[in-house]
Amino acid sequence: MKLLTPSTSKQVEPAFLPPDFNASSGEGSLSLSESDNDIPEKKWKISPEKWICAKSSKVKHSNLNSIITEKLELLILLQRMSKDSMTEENNDCIKNLELETKQVSTDTKCVYCDDEEHGEHGSKKNTKCINLSEDSTDSGYAWVILVSAFFLEVLTGCSLTSFGIMMVDIIDSTEQRASNIAFIGALLSSFLGLSGVLLGPIVHRFGCRVVVFSGSLILALCCLTTFLVRNVIVYYFSMGIVSGVGYSCYQLGAPVAVSHWFQKKKAFSLSVIMTGISVGSMLWGPITRLLINKYSWRGAVLIIGGLQLHGCLIAAILKPGPLLSKSLLEKKRSSRFNKEILKNKRFIIYCFSNFTLLYGHVVPFMMLPIKAESNGISKMNAAVLVAIMGACSTTVRPLVGYLGDKAWFDKNFVFGIFSILGGILTSASFYMRTYNLLIIYACLFGMISATYIPLTLSVAVEIVKKPEFIANGLAIILTVHGLATLVSITAFGTLDYVQLKNNCEKDTVFQHFTQSVHIQNALATTYESTGDRWRTFSYRKAAAAVKRYPRPITSFEEALAIPGVGERVANKIWEIVETGGLRKLEELSNQEDIKAISTLSGIWGVGQTTARQWVSQGIKTLEDVRNKAKLTRPQQIGLKHYDDLLERMPREEAGRIDDFVREKCLGIDADLVILCCGSYRRGKETCGDVDFLITHPDGKSHHDLLPKIIKRLGSFLTDHLVSLQQKGGQSKYLGVCKLDEEGAKHRRIDIITVPRDEYACAIMYFTGSAHFNRSMRHLAGKMGMSLSEHSLNKGVVRKRGEKLNPGVPLPTPTEESVFKHLGLKYLPPNERDH
DNA sequence: GGGCGGTACTG
DNA sequence: CAGTAC
DNA sequence: GCCC
């Protein structure tokens, strides 16, 4: 996913280090110490044993210092900007600068070292000297640093990769527009790059150890916040801006640390940690997907936050190296902006073209997982696509860097060709829908963009020409990149989620298509009122199938081909697609009776039979019911809480009910196992009710437990609908509860106690969804088994529906074991929606 | 043409 | 027993 | 209503 963010991490990372350019580094802070270090390196050759460093001379040479600093500042900027797109021009330019700088500083015969930071070298009193023998760099502890920095980069690779992967889940669960969520990614990528500039001075001041440590804490805190808070505005900060800053701490820390420890093998060591980013961006995709599958995206965020705390460990390992030079690092950089550059028309035009280039580049990248999933590709395989794209781009980058250095390499030509190729590919991607094609797309896009994105900078250098403007020019281009990223992703505000998710070509078809789902459901509801149970059943099934269908339906035949959609429903779908409506539904829903029936059957305990009877007796409104109808006890309760009980509660409220009930139950017996199932366990953002499943590990204490629980819950339970149901070893309570909070509403609550050996099957059953249970039962039946809330039985003998032999229960200690018996791979609750 | 889950509560 | 809900 |  790193590829996606041309304006950020990418460019800031040293993607390739020309062998002759040993001072290249990822960050300005780094470059400063390095170029400083180049001085001792030269001297080494003269006196390899020891280096005398006269710290006091710093004062005398303050003038020189400012010259050095000034040169170095330019050097920093140049290196930062050009890193992986090193071209002859700016390479030369930098080399000249280096040379100059070296001369100036060798003249002073002075190297500034910091003797406080590494006691073992410099703490000897009176000898303001530091031993910079070869032993202190490139070996020993340096390798520990290298490994740590490598893992730090692996952690960094998490940033955009995992965000891209979880974007679909976030959109689904927050029910926000895709653009709103994508904007988080835009912020993340922008701040990843932007804060690199801001953090530079901080690294200078406090060293990379502190920065990495804070980065780690920041990230963990961000993840925790994201986990706890359910507010998209907060995510803009917790997942976007602040996370971006956290990751840039890592991104800065690793190369800086390495550069403090490696002298001769600096290029090598920096390449090694770059590999860390590639490895990271490949690993995090699938890892994130797996975590989401098991714990939902919030859980995944929390776990990732925990994993990011490893940064603290790494920070502890990153002790300041022998090559650190604090005194120079503390120098401020003054960057002056030269307006002359804006008079270069070619450059201005180039800026605009870069804007459009990046505009078109970012979106397909960011949207790859969504595109894949909308074409029916599994979420895991979508994650693999991202990994493939990352792998391809990170493989090609060093190659481009290497070739870019060759004299015969015409970067203007290559840049032009590849950006056109990228455009063609992006256009063509509309037609790529199968997994194989998308794999090819991911590879090509990864490679092509890895080619032209770094080249944007080299070409800029060529256009700017004058060395004194290069730094400004590159800064402008990078700003343009960042702006394009932000704007392009924000522009998605014009598209809504459904369109995006279905990769829409014809807007109208889409609208009608999504409408058809609602209409099918409406038809189902209508028929429910008229009492045709099985027709209702089929409409619902068809509506669910259409909802899952990843593409717009463009023909009658296509509709007919969907399982669950027969000729009659396909006809209706086609009518909806063509006309946007359905006459049959209009007729039915305009009948007053039918509306009345659906209103009345909203009362808990009132079904279509009762409702229809009432309507035929002239009882058509809730007011009529209250005055005239004869109500059962549960129906009275249902009527009393009519509005509350029809409303779904926010997930977070279900969570608080969970906490409350859990605590009360543990007060009875601390060994009780309490699980809140239903849509809550499936990770839904709203829940119609809460289902508690309670068991006792000793296998027998569940007897007589339920009455105690009900008593214990006291006035939390406001009404009892069905006080006790017994079947087998299970007991079930259905009731109404209300939290003791300001403005709390009444909610439906079910509590079930089960024997330990039925626990797994009970969890499965009460987690649902209803449709999922149905398909599981069906599958079990086909395999000669039967699945119920009590057990999974095998050896069931059925004869024309009647089962002659109930079979024997299979041991099912866990949900996984149930899936295993049925020959299925485990499905986490959040994937059991159908 | 028959199945589409099987069962326990309320009245 | 029918009706309802899980 | 759909599917076997």
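Each chain gets a letter, A, B and so on, in the order its sequence line appears, and its residues count up from 1. Just so it is clear, the values below take in all heavy atoms, side chains as well, and ignore hydrogens, waters and symmetry mates.
- Each of A:Leu724 and A:Ser538 was assigned the nucleotide of DNA chain B with the nearest heavy atom; the assignment lying further toward the 5' end belongs to A:Ser538.
- The backbone N or O of A:Lys738 sits nowhere less than 3.5 Å from a side-chain atom of A:Arg747 that would complete a donor-acceptor pair.
- Remark: C1' of C:dG3 and CG of A:Leu734 are 15 Å apart, rounded to the nearest angstrom.
- Between A:Tyr733 atom OH and A:Leu706 atom CG the span is 9.0 Å, to the nearest 0.5 Å.
- A close approach under 4.0 Å does not occur between any side-chain nitrogen or oxygen of A:Tyr765 and OP1 or OP2 of C:dC6.
- Across the protein-nucleic acid pair, A:His778 atom NE2 and B:dG5 atom C1' stand 12 Å apart, rounded to whole Å.
- Within the 4.0 angstrom heavy-atom criterion, only backbone atoms of the sugar-phosphate kind lie near A:Arg568; the bases stay farther away.
- As a whole-Å value, the separation of A:Ile562 CD1 from D:dC3 P is 11 Å.
- For the OP1/OP2 pair of B:dG5 and a distance below 4.0 Å, the side-chain nitrogens and oxygens of A:Arg774 include at least one atom meeting the criterion.
- Contact annotation for A:Ile752: no contact, since no heavy-atom pair falls under 4.0 Å across all strands.
- Rounded to whole angstrom, the span from the CG atom of A:Leu631 across to the P atom of B:dG11 amounts to 11 Å.
- Side-chain nitrogen and oxygen atoms of A:Thr610 include at least one within less than 4.0 Å of the OP1 or OP2 phosphate oxygen of C:dT4.
- At D:dG1, none of the side-chain N or O atoms of A:Arg540 fall inside 4.0 Å of OP1 or OP2 (strictly under the cut-off).
- In this structure, the aromatic ring of A:Trp534 is positioned over the six-membered ring of the base of B:dC4, centres within 5.5 Å and planes within 30°.
- Regarding A:Phe537, its CZ atom lies at a distance of 10 Å from the C1' atom of B:dG3, rounded to whole Å.
- If you check B:dG11, D:dG1, B:dG5 against the side chain of A:Arg633, the one that comes closest is B:dG11.
- Using P as the reference atom, D:dC2 and B:dG6 are 23 Å apart when rounded to the nearest Å.
- Comparing the same atom, P, in B:dG3 and in C:dC6 gives a spacing of 27 Å after rounding to whole Å.
- Listed for the A:Thr579 side chain is no donor-acceptor partner under 3.5 Å among the backbone atoms of A:Ile576.
- Of the side-chain N and O atoms in A:Thr609, one or more sit less than 4.0 angstrom from OP1 or OP2 of C:dT4.
- Atom-to-atom, CZ of A:Arg533 to C1' of B:dC4 comes out at 8 Å; the value is rounded to the nearest Å.
- Residue A:Asn773 is out of contact with every strand shown, counting any heavy-atom pair closer than 4.0 Å.
- Side-chain proximity of A:Thr632 to the nucleotides C:dC6, B:dT10, B:dG5 is greatest for B:dT10.
- Aromatic ring orientation, A:Phe819 versus A:Phe772: tilted (interplanar angle from 30° to 60°).
- In this model, the phosphate group of D:dC3 is not approached by any side-chain N or O of A:Lys782 to a distance below 4.0 Å at OP1 or OP2.
- In this structure, CD in A:Gln730 is found 9.0 Å from OH in A:Tyr765, a value given to the nearest 0.5 Å.
- In this pair, A:Phe716 and A:Phe660 present their aromatic rings tilted. The plane angle is within the 30 to 60° band.
- OP1 and OP2 of C:dG3 both lie 4.0 Å or more from every side-chain N or O belonging to A:Trp604.
- Between the P atom of B:dG5 and the NZ atom of A:Lys727 lies a distance of 14 Å, rounded to the nearest Å.
- When the P atom of B:dG5 is taken as reference, atom CG of A:Leu792 falls 17 Å away, rounded to whole Å.
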